[in-house]
Amino acid sequence: MGKNSKILLIFTVVTAAVSVLFRVFQLLVAVDYSEMGFFSPDAGFLASQGLYIIFAAGAVALTAGAVLDKRKGSSSFSVMPQAFDPKQTAVMGGAFLIGACLRLYDLVFNFGGFSVDFFGEVIIFAVFTAIGFILLAHKGLKPATGYLQLVISISYTVKAASLFMQDTIIVRVSDELILLLSYVASVLFFLALGRFISSNESKSSRFKLIVFAGASTILSLCASLPGHIALIIDSNYMKGHMEMHPISQLGTAIVAAAVLAVMYRKKNYIEKNGEPDEKNENSENVRVPE
């Protein structure tokens, strides 16, 4: 069996690392919190707009990577949920539970009162917890957890709408715009993940799952992690400006990264344990017809 192609996985890791580092630089140098979080006029074009250029380049790279991975026969485009082994299922279940714990932290410590955003977060926390325990309790992916992804997508849509409606200058405030982009990517990712797990995929949904898993990883990391890194570096400057850097989005990045990791590892598992038609009587479900 040929070597498993992991081009998109490489692009995701590189783009995420560059984006997080650049965002930390922006928060400490280019963002002026004394002026509502706008970019400082002295920052220059690259310092203020460079991250959006990285995002655009990353979108092109993820799309190209997905195309190349599919052409090179990456198992991520052929493996079906029925073929996931217990370790892979446990990785995904653990990722959902970690995400649930991070959301619980936000709910307890970072919400000042009840709001649409709060209730959306409560629903996502509850569904993350349920999915995590269901996956850890079984040795394979269950279609029911696929349908639960729709609830997550709806909740993220409500959170995105709430964020957009509360600020008419959102496109000028990078904290809010990046968080909104991460919500949109999360909606599309969980919709595609739901179709995958429930075996209701269309011709293009696998491609969307791979691309938006990478996009959700990158954008969710940038919406959360840089703020906390910047807080460690300069707590006096960042203190009181962490509302738009919710640690809960780090949980979504962990889930998306875990999905990518297990999907790109599947062919290695098959190579080690034998071809599906030798080991699995339901091998017709392991591969998607070309």
Side-chain angles (χ1 to χ4, degrees), residues 1-20 58-96 98-99 131-132 135 139-141 145-146 149 185-186 188-199 201 203-221 250-276 279-280 283 285-290:
M1 186 172 292
K3 184 178 180 181
N4 188 11
S5 178
K6 298 181 179 180
I7 298 172
L8 182 138
L9 200 58
I10 294 171
F11 285 164
T12 300
V13 172
V14 172
T15 304
V18 173
S19 299
V20 168
V60 173
L62 290 178
T63 303
V67 171
L68 291 173
D69 278 349
K70 185 174 183 180
R71 289 180 178 177
K72 288 179 176 291
S74 172
S75 59
S76 59
F77 281 93
S78 57
V79 66
M80 294 296 287
Q82 296 91 337
F84 273 53
D85 62 79
K87 289 183 178 179
Q88 291 170 310
T89 305
V91 167
M92 289 183 62
F96 272 102
I98 292 173
I131 292 174
L135 292 180
K139 295 183 179 181
L141 298 183
T145 60
Q149 309 295 327
S186 297
L188 297 172
F189 163 64
F190 284 112
L191 281 175
L193 180 61
R195 298 197 70 167
F196 168 72
I197 296 177
S198 61
S199 298
E201 292 187 284
K203 185 176 181 180
S204 62
S205 59
R206 181 66 61 92
F207 188 92
K208 294 175 183 176
L209 172 59
I210 300 300
V211 171
F212 286 117
S216 187
T217 300
I218 295 166
L219 291 169
S220 295
L221 280 175
L250 182 58
T252 297
I254 291 172
V255 171
V259 170
L260 278 180
V262 297
M263 293 191 72
Y264 273 89
R265 184 176 174 268
K266 189 59 200 178
K267 184 175 287 189
N268 296 333
Y269 172 80
I270 293 174
E271 288 176 344
K272 180 179 178 181
N273 293 276
E275 292 290 340
K279 295 289 181 179
N280 188 345
S283 60
N285 292 322
V286 175
R287 297 277 175 183
V288 175
E290 294 292 336

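Keep in mind that the numbers below use all heavy atoms, side chains included, and drop hydrogens, waters and symmetry copies.
- The side-chain hydrogen bond (donor to acceptor under 3.5 Å, both in side chains) search around T252 returns R103, Y156, not counting sequence neighbours.
- Listed by chain and number, the residues in a side-chain contact (heavy atoms from CB on, under 4.5 Å) with A16 are I218, L221 (sequence neighbours excluded).
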**OP:** Could you give me the CA-CA distance, side-chain angles and deciding distance for M263 and I210, then say whether side-chain contact (heavy atoms from CB on, under 4.5 Å) is met?
**Re:** CA-CA 9 Å; M263 293 191 72; I210 300 300; 4.1 Å; yes
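- Here the closest non-hydrogen pair linking R206 and S76 is NH1-O, 2.9 Å.
- S74 and Y264 make their closest contact through OG-CE2, 3.4 Å (heavy atoms, listed as atom of the first residue, atom of the second, distance).
- A185 approaches L219 most closely through the heavy-atom pair CB-CD1, 3.8 Å.
- Side-chain contact between Q82 and S199: present, with at least one pair of heavy atoms (C-beta onward) separated by less than 4.5 Å.
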**OP:** Check the pair I131, Q149 against side-chain contact (heavy atoms from CB on, under 4.5 Å), reporting the backbone distance first and the verdict last.
**Re:** CA-CA 9 Å; I131 292 174; Q149 309 295 327; 3.3 Å; yes
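- The shortest distance between side-chain heavy atoms of T145 and F96 does not fall below 4.5 Å.
- For F212, the ring pair (Phe, Tyr, Trp, His ring centres under 6.0 Å) criterion is met by no residue, not counting sequence neighbours.
- Contact record, V211 with T63: CG2-CA, 4.4 Å, taken as the closest heavy-atom pair.
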Original post:
Given D85 and R265, is the side-chain contact (heavy atoms from CB on, under 4.5 Å) satisfied, shown in steps?
Top reply: CA-CA 11 Å; D85 62 79; R265 184 176 174 268; 4.3 Å; yes
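- Considering all non-hydrogen atoms of both residues, L68 and S5 come closest at O-OG, 4.4 Å.
- L141 meets the side-chain contact (heavy atoms from CB on, under 4.5 Å) test with P81, F84, T89, M92, L135, F196, I197; sequence neighbours excluded.
- The OG atom of S75 sits 8.0 Å away from atom NZ of K6, with the distance rounded to the nearest 0.5 Å.
- In this view, A95 and I254, V255, A258 satisfy the side-chain contact (heavy atoms from CB on, under 4.5 Å) rule, not counting sequence neighbours.
- Residues passing the side-chain contact (heavy atoms from CB on, under 4.5 Å) test with V67 are R71, F207, sequence neighbours excluded.
- Nearest heavy atom pair, residue D69 against residue I7, reads OD1-N, 2.8 Å.
- Listed for the S216 side chain is no donor-acceptor partner under 3.5 Å among the backbone atoms of A213.
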